[in-house]
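When reading the values below, keep in mind they use all heavy atoms of this one structure, side chains included, and skip hydrogens, waters and symmetry mates.
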Amino acid sequence: MSHRKIGYFDVEGSCYIAKPGRWRGKYIIKEDGDELKEHLCVTLHENEEDACAEGLRLGIAAARQLMKEREGFDPGES
């Protein structure tokens, strides 16, 4: 599992076995420990690393969008 702080949000990117030999990414966005959003990625990957990277990448994009909607600015990826 990977973790990144984006503005007010904590983004966790991870993955799970979707079917034998295939991994699917997912992310969870939290604020102050409360889960705001969970999303399962659509793409199936052949390895765990690619699936987790996709989950984190999509989670960061979603958290940046939440910050734009809430605060009117994009905090970037860090």
Side-chain angles (χ1 to χ4, degrees):
M1 179 182 340
S2 299
H3 176 266
R4 192 77 62 81
K5 182 87 169 162
I6 304 294
Y8 302 139
F9 307 114
D10 292 307
V11 179
E12 296 175 2
S14 63
C15 59
Y16 64 96
I17 297 175
K19 63 182 190 175
R22 300 287 182 190
W23 296 82
R24 180 166 285 160
K26 72 179 250 183
Y27 67 81
I28 298 172
I29 298 175
K30 295 180 180 180
E31 182 180 21
D32 296 329
D34 295 329
E35 187 175 307
L36 299 178
K37 184 175 184 178
E38 179 178 6
H39 179 74
L40 304 175
C41 302
V42 175
T43 306
L44 291 177
H45 296 273
E46 292 184 14
N47 62 63
E48 183 178 2
E49 294 80 22
D50 290 346
C52 289
E54 180 189 33
L56 184 61
R57 184 179 71 250
L58 293 179
I60 288 170
R64 289 173 70 182
Q65 184 60 39
L66 283 172
M67 281 298 293
K68 283 184 200 176
E69 291 169 4
R70 181 183 283 187
E71 299 296 326
F73 73 94
D74 182 347
E77 288 193 23
S78 55

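The line from CG of L58 to CG of L40 is 11.5 Å long, rounded to the nearest 0.5 Å. Between the NE2 atom in H45 and the CH2 atom in W23 there is a gap of 12.0 Å [rounded to 0.5 Å]. Remark: D50 CG to C41 SG distance equals 12.0 Å, nearest 0.5 Å. For the atom pair E71 CD and Y8 OH, the distance stands at 3.5 Å (nearest 0.5 Å). One finds the CG atom of L66 at 4.5 Å from the CZ atom of F9 (value rounded to the nearest 0.5 Å). Taken from CG in D32 to CG in D10, the straight-line distance is 8.5 Å, to the nearest 0.5 Å.
In this view, E46 and R22 satisfy the side chain to side chain contact (heavy atoms under 4.5 Å, CB included) rule, not counting sequence neighbours.
Looking at every heavy atom in both residues, A18 comes nearest to L44 through CB-CD2, 3.4 Å. Considering every non-hydrogen atom in both A63 and I29, the closest pair reads N-CD1, 3.7 Å. Closest of all the heavy-atom pairs between C15 and C52 is SG-SG, 2.6 Å.
Proximity of a side-chain donor or acceptor of R24 to a complementary backbone N or O of V42 within less than 3.5 Å is detected.
K26 pairs with exactly one of E54, E38, H39, E12 by the side-chain hydrogen bond (donor to acceptor under 3.5 Å, both in side chains) rule, that one being E38.
Looking at heavy atoms from C-beta onward, Y16 lies out of side-chain contact with S14 at the 4.5 angstrom threshold.
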Open item on the list: Is there a side-chain contact (heavy atoms from CB on, under 4.5 Å) between Y27 and K37? Walk through the geometry before answering.
Closed with: CA-CA 8 Å; Y27 67 81; K37 184 175 184 178; 3.5 Å; yes

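The pair D74-R64 meets the salt-bridge criterion, since a charged nitrogen lies less than 4.0 angstrom from a carboxylate oxygen.
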